[in-house]
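The structure under discussion appears below in the form of structure tokens.
Each chain gets a letter, A, B and so on, in the order the sequences are listed, and its residues count up from 1.
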Amino acid sequence: MLNQLTISEVAAKLANREVSARQVTQSCLDRIAAVDGRIHAFLSHDDADALAQADAADKRLAAGERSPLLGVPIALKDVLCVKGQPANCASKILGKFISPYDATVVEKLRAAGAIVFGRLNMDEFAMGSSTENSAFGTTLNPWDTTRIPGGSSGGSAAAVAADEALATLGSDTGGSIRQPAALCGCVGLKPTYGLVSRYGLIAFASSLDQIGSFTKDVRDAATMLGAIAGHDPRDSTSVPRPVPDYTAALGKSIKGLKLGLPKEYMIGGMDAEVKAAVDAAVKKLTELGAEVVEISLPHTDYAVAVYYIIATAEASANLARFDGIRYGARVDGADPIALYGNTRGAGFGAEVKRRIILGTYVLSSGYYDAFYLRAQKVRTLIRQDFLKAFEQVDAIVTPTTPTPAFKVGEKSGDPLQMYLSDIFTISCNLAGIPGLSLPCGFATNAERGARNAKLPIGLQLLGKPFGEETLFQIAHAYEQATPWHREKPAL
Amino acid sequence: MSAPDFDIKYVARLARLNLTPEEETTLGAQLGHILGYIAKLKEVDVSHVEPTAHAFPIVNVMRPDEIRPSLPHDEAMRNAPAKANGLFIVPKIVE
């Protein structure tokens, strides 16, 4: 079953001409046909287009070309533009929108020979932690289809966990890659702010958004980052610096590396099995030669509040463009103002409305200083906490989430509880640093009739700005010494 | 900062976002709850702290001022909800 392999395993078989890109692609499409009805990771997929790309990749392979992603099928979150394909951000407001151009990451994947296919489900406009905010139905967790896969990139995580694609791309504004990766049992990477171009990514909160990958192992995460990273003049926040060979960091010993455990992350309300799995992972890292020390990130407790001011403020501005005039759905009105209000009232879902209202309020006259400016100042303190910690340690180790995947509907009625489920992932975006989540064990799923008796747990590694190589080094050493990433859900 | 003067009708109008009366009630209550939580930022002393807008600010980003091909007109208009003669159709703005 080619769809079950990793990118590096498939690339080896393609290079030997043991299999064709068409066969690999067809195996993913067959898997989607067989299981996606149960998890709803995909909003749509254009099979004919995917197979045409596979045939083109086979021609390049036959001509002797070799590269790590040549002939590898990679699916995308519905937030990235692919020329000629729909882009909806899982929202009704985009109507029948067809992208007129490719995002930079899509251009880069195409140049590397990847087969770029499919539109993966997500929370509407990437706002949420469960995919329950999609206008097109919830994605379900492949480990237990009564539970959420996490969000907002829930479709991207579920598709990799269910072997429907070899890897996927998502976006992470407050944990939207790492949290679903943890809950579905895959490797999720949010790169340093500025490392990957956002041109062609539909914006949510521009000072926080970053594109990253979901993969089946750490090696594939390093390969994917090497393909999508790099300066792009079309994104003015893109940082001009050379892209290293990230796979060169793999296999290096972690002996002597210093890892920090933030004491503020040992909160009440953390699931006992999550805590035990993270403790065991820390012990394993120590056995592998790392030195673990306790550190302090004193402003951690304010991160969620800062995030929900900054992210909603930026979202209220970014989403002003969805006004029913130039593209997307339109609900008419007597004058343009009425048309805007009607279109946006009918087109946006509840969570998006909640955030637009909150963001508009914190930016409004009389409240800007009290909310937005104050939040930006506390953001400075959160960032300084990290930079100070990184004078002492090479990376920080935390749980990715306080609990394993929760039940569909469990938190959807209480937005604040839903926001607090992102407590461990949010600070990373505020500080602009890289974060990686990888499998570190399982919690018991005692539910009667559950197909799998367990649910994945994620370990989060946070690194220095542009310190992705160190994260890969640590994650790979841990992964090679543990069995978790080889486990697959019965679906 | 717990914002007793939070007027959801006024903010929704600023946001050009029509809400039903039910949405006003539900969102209003939920946002009151969230604003109460956010008020904890008042505890932090920020008197000598500069704000952070971007984690890695890059200033004066320039590109060469060169003429390059842009999106063809029909491609740019392709997703318009209402169009005629290569123009977007909108409701009457002036009498």
- Task: Start with the C-alpha distance between A:Tyr419 and B:Ile34, add both sets of side-chain angles, then the distance that settles side chain to side chain contact (heavy atoms under 4.5 Å, CB included), and finish with yes or no.
- Result: CA-CA 10 Å; A:Tyr419 296 174; B:Ile34 293 165; 3.7 Å; yes

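- Interface summary for chain A: among B:Arg63, B:Met77, B:Arg13, B:Glu50, the most heavy-atom pairs under 4.5 angstrom belong to B:Glu50.
- Rounding to the nearest 0.5 Å places CZ of B:Arg16 at 11.0 Å from CG of A:Asp323.
- Closest of all the heavy-atom pairs between B:Ala53 and A:Ser207 is O-CB, 3.2 Å.
- No part of A:Ala346 comes within reach of chain B, as not one of its non-hydrogen atoms sits under 4.5 angstrom from that chain.
- With a 4.5 angstrom heavy-atom cutoff, A:Leu420 touches chain B only via side-chain atoms.
- In this structure, the portions of A:Asp301 lying under 4.5 Å from any heavy atom of chain B include both its backbone and its side chain.
- When side chains are defined from C-beta on, B:Ile38 counts as touching A:Leu358, because their heavy atoms get closer than 4.5 Å.
- Nearest heavy-atom pair across B:Pro81 and A:Gly324 is CG-O, 3.3 Å.
- Annotation: cation-pi pair A:Arg383/B:Phe56 present, NZ/CZ under 6.0 Å from the ring centroid and within 45° of its normal.
- Heavy-atom distances place both the backbone and the side chain of A:Arg326 under 4.5 Å from chain B.
- With respect to chain B, the highest number of heavy-atom pairs below 4.5 Å among A:Thr192, A:Asp414, A:Val304 belongs to A:Val304.
- Nearest approach of B:Ile58 to A:Ser236, heavy atoms of both residues: CD1-O, 4.1 Å.
- Once rounded to the nearest 0.5 Å, the distance linking CD1 of B:Ile89 with CG of A:Asp332 reads 10.0 Å.
- Heavy-atom minimum distance, B:Ala55 versus A:Ala431: CB-O, 3.5 Å.
- Between the OH atom of A:Tyr361 and the CG atom of B:Asp7 there is a distance of 10.0 Å, given to the nearest 0.5 Å.
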- Decide side chain to side chain contact (heavy atoms under 4.5 Å, CB included) for B:Leu19 and A:Ile357; before the verdict, give the C-alpha distance in whole Å, the side-chain angles of both, and the deciding distance to 0.1 Å. CA-CA 10 Å; B:Leu19 300 178; A:Ile357 297 281; 4.1 Å; yes

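- Only the side chain of B:Val61 comes within less than 4.5 Å of a heavy atom of chain A; its backbone N, CA, C and O stay farther away.
- With contacts defined as side-chain heavy-atom distances shorter than 4.5 Å, the pair A:Ile309/B:Leu41 qualifies.
- Across all their heavy atoms, B:Ala15 and A:Thr360 have their closest contact at CB-OG1, 3.5 Å.
- Residue A:Ser364 touches chain B through its side chain alone, counting heavy-atom pairs closer than 4.5 Å.
- Ranking A:Gly432, A:Gly345, A:Gly341 against chain B, the residue ahead of the rest is A:Gly341, based on heavy-atom pairs under 4.5 Å.
- Interface remark: B:Leu27 contributes side-chain atoms only to the contact with chain A (heavy atom separation under 4.5 Å).
- Surrounding CZ of B:Phe88 are more than 12 heavy atoms belonging to other residues, nucleotides or ligands, all under 6.0 Å away.
- Side-chain atoms of A:Arg379 never come within 3.5 Å of backbone atoms of B:Pro51 as a donor-acceptor pair (strictly under, hydrogens ignored).
- The contact between A:Ala334 and chain B is made entirely by backbone atoms, counting heavy-atom distances below 4.5 Å.
- Taking OG1 from B:Thr26 and CZ from A:Arg354, the interatomic distance works out to 9.0 Å, rounded to the nearest 0.5 Å.
- Between chain B and the options A:Ile356, A:Leu373, A:Leu381, A:Leu339, heavy-atom pairs under 4.5 Å are most frequent for A:Leu381.
- Interatomic distance, A:Lys96 NZ to B:Arg78 CZ, rounded to the nearest 0.5 Å: 13.0 Å.
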- Is there a side chain to side chain contact (heavy atoms under 4.5 Å, CB included) between B:His54 and A:Tyr193 once you walk through the steps? CA-CA 9 Å; B:His54 273 83; A:Tyr193 186 79; 2.9 Å; yes

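- More than 12 heavy atoms of other residues, nucleotides or ligands lie within 6.0 Å of NE2 in A:His231, so this atom counts as buried by the packing criterion.
- A:Ile98 touches chain B through backbone and side chain together, each having a heavy atom under 4.5 Å away.
- With a 4.5 Å cut-off on non-hydrogen atoms, A:Pro233 does not touch chain B at all.
- Between the side chains of B:Glu43 and A:Tyr302, a donor-acceptor pair is found at a separation under 3.5 Å.
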